[in-house]
Amino acid sequence: MKYSFCTISFRHQLISFADLLRFMRKKQFEGIEIWGVHAIGMYEHERKETEELLRGMAEDDLAVSMLSDYLDIDSEEGFARSERKCEQLIRLAHWLGTPRLRTFAGNKASRLVSLAERDIYTERLRKLCRMCGEGGVQLVVETHPGTLADELDSTLTLLSDIGQDSLRLNFDVLHVWEYGGDLLHMLHVLEPWIDHFHFKNIASPSQVGLFNPGNIYSASGDREGMVPLHQGFLDYRKLLEEAAHLDCYASLEWFGPSPLSALAEDIDWLHKQRYSLARG
């Protein structure tokens, strides 16, 4: 397993891509996950500078692990915009040199979706998968509340209905825990489709609401309870024992204050776990 961090962690700060790459090298990250808004900004306003930095990354065997964005499949009008946006994101993915594009499986809890609605959402995702496949990019959906990937059976049904192994998962550990049941069991069940991970933790299960989008994206949102990986209630040591062999990236997704110091603490801990697991 290789480690990256998300530029979304810096959504409320002014920090350059060059500075992020210096931090990445200093702390020995192997990749960086770029938020779509940031990628568009870099392409439109800092293209030449970014291309030079991307070449330097490639020379150092560092990668953009994933381009993360949101493609609306909930309405006919929204999906028409999503098709156009998907074409733009495929071009950006090629520019960044990343093989994967992240989205969500709708914006409605699976238990609230009728069979007819589900058929429509699935067909729209299938079309996005075809677009990405033809463009040489892997589409991944995130395990996330309020989507068709918000519990185990619905996630498996979605993967089966899309078919042809054309859809993969961004396995967000905390959100899969929200499925209920045994986290490590669900890891093994979903392993064939896992293409990327998100790692984050909280102090108490009762605080999971901190990651609701309305709180996350608010500059004045509540951050109390967002803690480093090794301090939260989820046991990442056990998860790493079961998942460290997977050949994919895990992005550290930090939404709390002081992202540089928080990410540094997390990656230092993960490097220690990697060393410990390697020694057996």
Shortest non-hydrogen contact from R118 toward V113: N-CG1, 3.4 Å
Side-chain donor-acceptor pair present, H144, D172, cut-off under 3.5 Å: no
Polar side chain donor-acceptor pair, S16 to D19, under 3.5 angstrom: yes
Polar side-chain atom of D74 near backbone of N107 as donor-acceptor pair, under 3.5 Å: yes
Candidate list L158, D165, L159, test side-chain contact (heavy atoms from CB on, under 4.5 Å), partner I162, passing option: L158
F233 and W177: CA distance, side-chain angles, deciding distance, ring-ring contact (aromatic ring centres under 6.0 Å, His included) verdict: CA-CA 11 Å; F233 84 93; W177 167 82; 4.8 Å; yes
Main-chain N/O of C6 paired with S9 side-chain donor or acceptor, under 3.5 Å: yes
Distance flag, aromatic centroids of F171 and F197, threshold under 6.0 Å: yes
No-hydrogen, no-angle side-chain donor-acceptor test under 3.5 Å, H245 and E191: yes
Aromatic contact, Y43 with W95 (centres under 6.0 Å): yes
Single hit among T103, L169, N170 for side-chain contact (heavy atoms from CB on, under 4.5 Å) with E142: N170
Any donor-acceptor N or O pair under 3.5 Å, side chains H230, Q273: no
Partner of S65 by side-chain hydrogen bond (donor to acceptor under 3.5 Å, both in side chains), out of E33, H196, E30: H196
Check: S251/Y3 side-chain N/O donor and acceptor closer than 3.5 Å: no
